[in-house]
Amino acid sequence: MLRNEAKEYIIARSREHLRPDNSGKGYICPICGSGSGKNGTGITTKDGIHFTCWGKGNCFTNSDIIDIIGIERGLTNYKDKLKAACEEYGITLDAVDSADIVKDAFSDRAPAMRAAEPFPTIDRREYYKSCCEHLKEPEPLAYLQRRGISIDTAERFNIGFDRYADPARSNHPQPRLILPVTAEYYIARSIDPNTPKQYAKMNPKGAAIGLFNLSCLHKDEISAVFVTEGYFDALSVIEAGAAAIALNSVSNADKLISHLKEQRTTATLILCLDNDEAGAKATQTLRSGLQRLNISYVTADICNGYKDPNEALTGDREAFSRSIAAAQKQTAAKPDNISAYIDDFMGADIDAFKEAKDRKTGFTRLDTQARGLYAGLYVVGAISSLGKTTFCHQIADQLAAAGEDVLFFSLEQSRLELVSKSLSRRTAQRDIKTAVNSLSIRRGYLPERVLKAADEYKQDISDRLSVIEGNFACNISFIGDYIRNYIHRNNKKPVVFVDYLQILQPEKDERGRTQTTKETVDNTVTELKRISREQGLTVFVISSLNRTNYLTPVDFESFKESGGIEYTADVVWGLQLQCMNDDIFDKKESLKAKRAVVKAAKRENPRKIELICLKNRYGISSFSCYFDYYPEFDLFVEDTITAPGTYSVEAGATVATDTKPKAVRKV
């Protein structure tokens, strides 16, 4: 804050001289008067904090308020300048004095160090020790908490805090964490999120970049060591209970190999560098070197879709810890041994699977046949006008009302459309004769029965249901990030719906090439499956069907442009008109005759819908359930026959229909 006073200070000291110079691009220097000549060349400022004098006096060399006060008073020692500035503004020096005394003696501000050429080797351990004394100040503690690093871990590695660190002599002193790596080399990490990127992380000028925590490679009790790219990546792994080192630069891959050539390790290395071009290149360097040295290694993805280990730690600490444990398991002599699995992992896997055992769709017969919902990927497909979005959205409402958190990614319909459909459905469930359709609600028709439905709906779903409006830039990465952030912030695992598969936008592959439609669909299905498995989630994705199958019963060939659905999904449901069971669709009748039957079935009120289970890893592999679909009111009702021509909607309410039920229905 003090440094932002530079311009105001000069204005107050020299109102007569601080005026535009003759060039109109700067100011007349109040110290030496430069800029008053024909061509100007006074002082300039780019950021409002640092001034530079371009005149003969060269009074300001990219100086801030502390330096300016020092120039005025003839001071050369930084500590004296700081004291003078504090006196000028009535600031007590005690809060920063000890850190800056250390800085003056040991940091790159010291005149002797600035003058030295080449740079000398400096033992900075005394500087580290002094910085450690300030680690428990509020600002560094808050920063460490945001990064998920405990004070115990920070103290273990002698992390400290320097309020005015500028190790690269950039004239950009900032409050920084001091992260010791070797006796000579450290990383100074700004704790201010607004620090420009080029100044956020600094190294001491002239010091060679070192590798962090190499000593763990040579401890007999450590059998596996993670190799990460950054310092905080290594700390994140350590927070999860494992051993880790950091290269601190991908260019240090060769340096690690050289170290291991001189001092071998018996530990297995787990390579988990960043998933980018530089990280891939460094990983290959490490692989080649470790193979030459005959040192055991494996590679692992421990980020669960996050960009780096630290983000994975803060995003979902529990999932990150599981990933670390799974990666360590790879280093065992027999990593996939069943006996070890039964002893160490099977119980936890059973507990995770049982979490969803009481989760229900809210449709009694469907839940009986499907045996509830489990953690896994559910695909629901149908042709247009059969209500696939309405069906899944009704399940989402019923899950939220039953106490489940639900995320509904709606890439086609707006939040207003979906909420108005829910309210319309509520009015129909209460009394079909007085129900209000969703279009009327969107047009502002809000009679008492709609307002009452809104109040009841809010009470039932509480804050558990979220509708995320997508756009035409929405892709699987956005959905994955949203889910992980939701779990992290709410500590709850939601049921996820994605509406729908074919609208999700393509991503670029590792070569920067945009994926084809089929590649995008296959990749999306695979990623949704991976998210469901890693996070233990029930995930529904809605899919359109091939137009060539509009006049044929639903099967795996109906699912649009993706063979991945058949093999990747845990459960596959298809919705079709019940008329598809008629003999005409098994015969070589004309398309015109088949279309006539389909058109007649679509005109029915309610429409007769059959849900066909094509695949189910959790129970009966193939079954059918029947529904009455009221499209006007966005309502699905299980097809329970109570009397000829009458269908149950809800206890106390009935729906009359002119359509007689079939004499025989498959159950």
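Starting from 1, each residue takes its place in the sequence as its number.
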Check whether any side-chain N or O of [X] sits under 3.5 Å from a backbone N or O of [Y] as a donor-acceptor pair, and report yes or no.
X: Arg415; Y: Val467; value: yes
X: Asn490; Y: Lys492; value: no
X: Gln369; Y: Cys625; value: no

Taking the six-membered ring for Trp, are the ring centroids of [X] and [Y] within less than 6.0 Å of each other?
X: Tyr306; Y: Phe320; result: no
X: His393; Y: Phe408; result: yes
X: Tyr482; Y: Phe409; result: yes
X: Phe391; Y: Phe363; result: yes

Practice task
Dump the intermediate steps for side chain to side chain contact (heavy atoms under 4.5 Å, CB included) on Leu135 and Leu144, then the final yes or no.
Solution key: CA-CA 10 Å; Leu135 179 63; Leu144 287 169; 3.9 Å; yes
Requested in this report: Report the C-alpha separation of Tyr626 and Glu638 in whole Å, then their side-chain angles, then the decisive distance to 0.1 Å, and conclude whether the side chain to side chain contact (heavy atoms under 4.5 Å, CB included) test is met.
Outcome: CA-CA 6 Å; Tyr626 299 91; Glu638 288 189 293; over 6 Å; no
**Message:** Just verifying a value: how many Å separate Leu537 CG and Ile483 CD1, rounded to the nearest 0.5 Å?
**Reply:**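 Here the interatomic distance stands at 6.5 Å.
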In this structure, NZ of Lys608 is separated from CG of Leu577 (nearest 0.5 Å) by 12.0 Å
Assess whether atom [atom1] of [X] is packed by more than 12 heavy atoms of other residues, nucleotides or ligands within 6.0 Å.
X: Glu277; atom1: CD; answer: no
X: Asp455; atom1: CG; answer: yes
X: Lys529; atom1: NZ; answer: yes

Check whether NZ of the Lys or CZ of the Arg Arg147 lies under 6.0 Å from the centre of the six-membered ring of Phe232 and within 45 degrees of that ring's axis. yes
Practice item. Kindly write out the residues that satisfy side-chain contact (heavy atoms from CB on, under 4.5 Å) with Ser462, not counting sequence neighbours, or none if the list is empty. Key: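 Counting only residues at least two positions away or on another chain, Ser462 forms a side-chain contact (heavy atoms from CB on, under 4.5 Å) with Arg464.
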- Report the C-alpha distance between Ser150 and Glu239 in whole Å, list the side-chain angles of each, state the deciding distance to 0.1 Å, and finish with yes or no for side-chain hydrogen bond (donor to acceptor under 3.5 Å, both in side chains). CA-CA 8 Å; Ser150 67; Glu239 275 291 323; 2.7 Å; yes
Between Leu416 and Glu469, the two heavy atoms sitting closest are N-OE2, 4.4 Å
Tightest non-hydrogen contact, residues Ala224 and Ala243, listed as O-CB, 3.9 Å
Should Arg189 and Tyr143 be marked as a side chain to side chain contact (heavy atoms under 4.5 Å, CB included) after you check the CA-CA gap, both sets of side-chain angles, and the distance that decides it?
-> CA-CA 10 Å; Arg189 168 78 69 168; Tyr143 181 83; 3.3 Å; yes
Whether the Ser558 and Asp555 side chains hold a donor-acceptor pair (N or O, under 3.5 Å, no angle test) is what I'd like checked. yes
| Would you call Arg617 and Asp570 a salt bridge, using N to O less than 4.0 angstrom? |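 Answer for the salt bridge query: yes.
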